[in-house]
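Remarks on the structure that follows.
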Amino acid sequence: MTRAASFAPVDVVARTLRVELTAARARRDGAAPRVLDVGGGSGTWAVPLAADGCEVTVVDSSANALAVLQSRARESGVAAGVRAVQGDVDALADAVGHTEADLVLGHGLLEYVDDPAESCRALAGAAAPGGAVSLLVAGRFAAVLSRVVAGRLVEARRVLVDPTGRWGPDDPLRRRMDVEEIRTLVEAGGQLAVERVQGHRVLADLVPDGVLESGSSDPLAELEDIAAGTPPLRDMAARLHVLARRPG
């Protein structure tokens, strides 16, 4: 039997989403929570969420990525719980109609879109009243530190002072953000209220493979939970996670 995909136990974002989806399942009297994953590509989040019993719709502009998604869903035994739709956030309503998802994901999305404010409004509009929007964005300060460590001081300065957090014209990302920037962006339209901002895998990725003793994942998860919400560690995470809610 093919084993369904799952999240790592130290992934604080995955655990946050599970709490949110447990509440959504309770609100729906045990029915499967509805998840909309915008820009979800090959299913990094969608397949594990489907394995957790969610009904997941993935919207992505890449037909190739959606083909990989469907293959991964079949291999994980969750094909029935995953729907692939070709489209993008600029025309989200056209792609999925009146969705009213319990949870809307925009992970790794705002770094690339033309208009992040409009994208946030589109994501908010796809959430049900009382539903949540989960965002993962590239962190500005982590990029500064990584370039300093690599000796790229000119690039580090550019990331720090540039309004969009880019190190130059060849930067593959359109923007990076800090905590206040992403909070302001998400709440600007008045459609969403930020409930949590945390770092994603603040410390876990610093631990070399094979170093942890057997059975030590729980202490690492506990440490990651604390670091994810503790400035300045949170602020220096490579990716920042925002959980916001559409008023009910």
Side-chain angles (χ1 to χ4, degrees), residues 13 16-29 31-41 43-46 49-50 52 54-63 65-66 69 81-138 164 173-175 177 179-198 200 239-248:
V13 175
T16 299
L17 298 187
R18 284 202 176 107
V19 171
E20 179 64 33
L21 291 167
T22 297
R25 187 176 279 108
R27 291 195 303 270
R28 304 188 72 230
D29 296 325
R34 297 162 297 186
V35 178
L36 176 64
D37 187 358
V38 183
T44 300
W45 292 90
L49 287 171
D52 280 349
C54 299
E55 295 178 355
V56 187
T57 298
V58 178
V59 177
D60 200 282
S61 60
S62 170
L66 292 176
L69 161 69
V82 176
R83 181 168 72 105
V85 178
Q86 190 167 6
D88 56 43
V89 69
D90 294 334
L92 188 56
D94 294 335
V96 297
H98 191 58
T99 305
E100 292 207 338
D102 298 299
L103 175 65
V104 179
L105 306 185
H107 292 179
L109 179 70
L110 298 183
E111 295 94 324
Y112 299 99
V113 296
D114 294 330
D115 187 340
E118 181 59 35
S119 295
C120 285
R121 286 190 287 270
L123 297 174
V133 174
S134 173
L135 302 169
L136 270 176
V137 298
T164 57
L173 301 187
R174 288 191 173 187
R175 62 190 59 84
M177 301 182 194
V179 170
E180 291 309 312
E181 287 170 333
I182 185 59
R183 184 188 294 274
T184 299
L185 173 66
V186 171
E187 294 188 333
Q191 293 178 282
L192 293 171
V194 172
E195 292 188 349
R196 178 179 297 188
V197 181
Q198 58 189 357
H200 181 223
R239 295 204 295 177
L240 299 173
H241 177 237
V242 175
L243 187 74
R245 193 167 308 279
R246 180 179 175 182

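Note that the coordinates shown come from a computational prediction; the quantities given were computed from them, not determined experimentally. In what follows, every heavy atom counts, from backbone to side chain, and hydrogens, waters and symmetry copies are set aside. Along the sequence shown, the residues carry numbers beginning at 1.
With Leu36 as reference, Leu92 is the one residue of Val133, Leu92, Val58 to meet the side chain to side chain contact (heavy atoms under 4.5 Å, CB included) rule.
Scanning for side-chain contact (heavy atoms from CB on, under 4.5 Å) contacts around Ala50 gives Val56, Val78, Val82, with sequence neighbours left out. Residues passing the salt bridge (Lys or Arg N to Asp or Glu O under 4.0 Å) test with Asp60: none are found, sequence neighbours excluded. Checked against salt bridge (Lys or Arg N to Asp or Glu O under 4.0 Å), Arg34 has the following partners two or more places apart in sequence or in another chain: Asp102. Not counting sequence neighbours, the partners of Asp114 by the side chain to side chain donor-acceptor pair (under 3.5 Å) test are Arg174. Listed by chain and residue number, Arg245 satisfy the side chain to side chain donor-acceptor pair (under 3.5 Å) test with Glu20 (two or more places apart in sequence, or in another chain).
Ring geometry, His107 versus Trp45: the interplanar angle exceeds 60°, so the pair is classed perpendicular (tilted spans 30 to 60°).
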Problem set entry | side chain to side chain contact (heavy atoms under 4.5 Å, CB included) between His200 and Gln198, worked out | CA-CA 7 Å; His200 181 223; Gln198 58 189 357; over 6 Å; no
Problem set entry | Glu111/Val137 under side chain to side chain contact (heavy atoms under 4.5 Å, CB included): CA gap, chis, key distance, verdict | CA-CA 7 Å; Glu111 295 94 324; Val137 298; 4.2 Å; yes
For this session: Under the side chain to side chain donor-acceptor pair (under 3.5 Å) rule, what do His241 and Ser134 come out as? Steps first, then yes or no, please.
Result: CA-CA 7 Å; His241 177 237; Ser134 173; 2.7 Å; yes
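In this structure, the separation between CG on Leu66 and CZ on Arg83 is 11.5 Å, given to the nearest 0.5 Å. For the atom pair CG of Leu192 and SG of Cys120, the computed distance is 7.0 Å after rounding to the nearest 0.5 Å. Here Asp88 contributes atom CG and Asp94 contributes atom CG; the two are 9.5 Å apart, rounded to the nearest 0.5 Å. The distance from the SG atom of Cys54 to the CG atom of Asp37 is 11.0 Å, given to the nearest 0.5 Å. A distance of 10.0 Å separates CD1 in Ile182 from CZ in Arg175, rounded to the nearest 0.5 Å. Rounded to the nearest 0.5 Å, atoms CG (Leu21) and CG (Leu49) are 6.0 Å apart.
The shortest distance between side-chain heavy atoms of Leu135 and Leu110 falls below 4.5 Å. Residues Glu55 and Val35 have side chains not in contact (no heavy-atom distance under 4.5 Å, counting atoms from C-beta outward). No side-chain heavy atom of Val242 sits less than 4.5 Å from a side-chain heavy atom of Arg196. The shortest distance between side-chain heavy atoms of Thr57 and Thr99 does not fall below 4.5 Å. Leu105 is not listed as a side-chain neighbour of Val38, based on a closest heavy-atom distance of 4.5 Å or more.
Judged purely by atom type and a 3.5 angstrom limit, Arg18 has no side-chain atom pairing as donor or acceptor with the backbone of Val13.
Of all the heavy atoms in Gly41 and Leu69, the pair that sits closest is O-CB, 3.5 Å. Between Met177 and Leu240, the shortest heavy-atom contact is O-CD1, 3.7 Å.
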Would you list the atom pairs, donor with acceptor, under 3.5 Å between side chains in residues 121-132 and any protein atom, with sequence neighbours excluded?
| residue | atom | partner | partner atom | Å |
| --- | --- | --- | --- | --- |
| Arg121 | NE | Glu118 | OE1 | 3.1 |
| Arg121 | NH2 | Glu118 | OE1 | 2.9 |

